[in-house]
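Residue numbering restarts at 1 for every chain, and letters A, B, ... go by the order of the sequence lines.
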Number of protein chains: 2
Amino acid sequence: MHTRAADYLRDHGLKATAPRVAIVAVLLKEKRPLSVQDLLDALPKKTADQATAYRSLEAFAEAGLIHRLDLGQGKALYELSEEGEHHHHLVCTSCGKIEDVEDCEVEAFARRALEASKRFAELHHHSLELFGICKDCVKKR
Amino acid sequence: MHTRAADYLRDHGLKATAPRVAIVAVLLKEKRPLSVQDLLDALPKKTADQATAYRSLEAFAEAGLIHRLDLGQGKALYELSEEGEHHHHLVCTSCGKIEDVEDCEVEAFARRALEASKRFAELHHHSLELFGICKDCVKKR
DNA sequence: GTTCTTGCAAATACTTTGCATTGGC
DNA sequence: GCCAATGCAAAGTATTTGCAAGAAC
């Protein structure tokens, strides 16, 4: 199999099985954070079992292929981590709309926080999410 | 009833019922982010039902008395939001240890992100969590 | 008395796990 | 062929909800 999704998987040292290729294909196409349910709904029926989706996503995250987000919705969201790129999100607390914020300045802040801490030895990643109201939802109230 | 917890509740326009006072008392005492289960375990038996805890915490968060955190543990954590203070967290991904990081510099970043966005109208709050390994856990490996 | 809160139990949502089978490499 | 990945079903954990009883004002 030689789709873009399959290559993406192999490039990260992961087996390119049918369910995995299908999942990555959806992530490539949607380009937005998706929940497990979003993913399963977007797949042709029976392409991947729910357990397979959870296990695959965990493997992908470990391999650095995707990022896992927590936007306080009580469920995890996943998005492809494009090479070298690092961004955060604007989240509408009314409708759930998500917009990317490029340009992260947390690194320096994180470095200083680590230096100031007596109990922490290393920092590996961070999450920064901005919550507010989108223009559509402002109109509606 | 005139405990510190009860006053805390009334100051925020909330009824000071027995279960609520008990919950706030635990939050005042522990001074760290607690899960609902943590809270229930810390309460004398039968002080508050689980449903009451969830409903109270939701009301507290809405009133601005507490903050809800999501540290990717699959469950929400709650901590008192002390007046005027605003902080973030260092989280050990190995043992779950949490340390506060005072001194937040996200406001300016958030303002710029909002200005740069075509679709968002207002920003209300944000979350910034730093994930890494604490010194204790570094030793153990 | 009216309204908000609580307890209990059941329901729902998300995620994980055991195990036999399948399939990539 | 070997080992990892999958499907299915069941379990586990977190959170929400319906409803009758109770407490606050």
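Atom P of nucleotide C/dT15 and atom CZ of A/R55 are separated by 15 Å, given to the nearest angstrom. For the pair B/L40 CG and D/dT16 P, the computed distance is 14 Å after rounding to whole Å. Here the P atom of nucleotide D/dA4 and the CD atom of A/E58 are 15 Å apart, to the nearest Å. Whole-Å rounding puts the B/L39 CG to D/dA14 P distance at 13 Å. Across the protein-nucleic acid pair, A/L9 atom CG and D/dA5 atom C1' stand 13 Å apart, rounded to whole Å. Regarding A/D70, its CG atom lies at a distance of 11 Å from the P atom of D/dT15, rounded to whole Å.
Side-chain N/O atoms of A/T17 include one lying less than 4.0 angstrom from OP1 or OP2 on D/dT6. For C/dT6, one of the phosphate oxygens OP1 or OP2 lies less than 4.0 angstrom from a side-chain nitrogen or oxygen of B/R20. The side chain of B/Y54 places an N or O atom within less than 4.0 Å of a non-bridging phosphate oxygen (OP1 or OP2) of D/dT15.
Formation of a donor-acceptor pair under 3.5 Å by the B/S35 side chain with backbone atoms of B/L77 is not found in this model. When atom types are taken as modelled, the side chain of B/H88 and the backbone of B/L128 share a donor-acceptor pair closer than 3.5 angstrom.
Under the 4.0 Å criterion applied to side-chain N and carboxylate O atoms, B/R10 and B/D7 are assigned as salt-bridge partners.
B/Q37 contributes no side-chain N or O that forms a donor-acceptor pair with the base of D/dT13 under 3.5 Å.
Around the NE2 atom of B/H67, the shell of radius 6.0 Å holds no more than 12 heavy atoms that belong to other residues, nucleotides or ligands.
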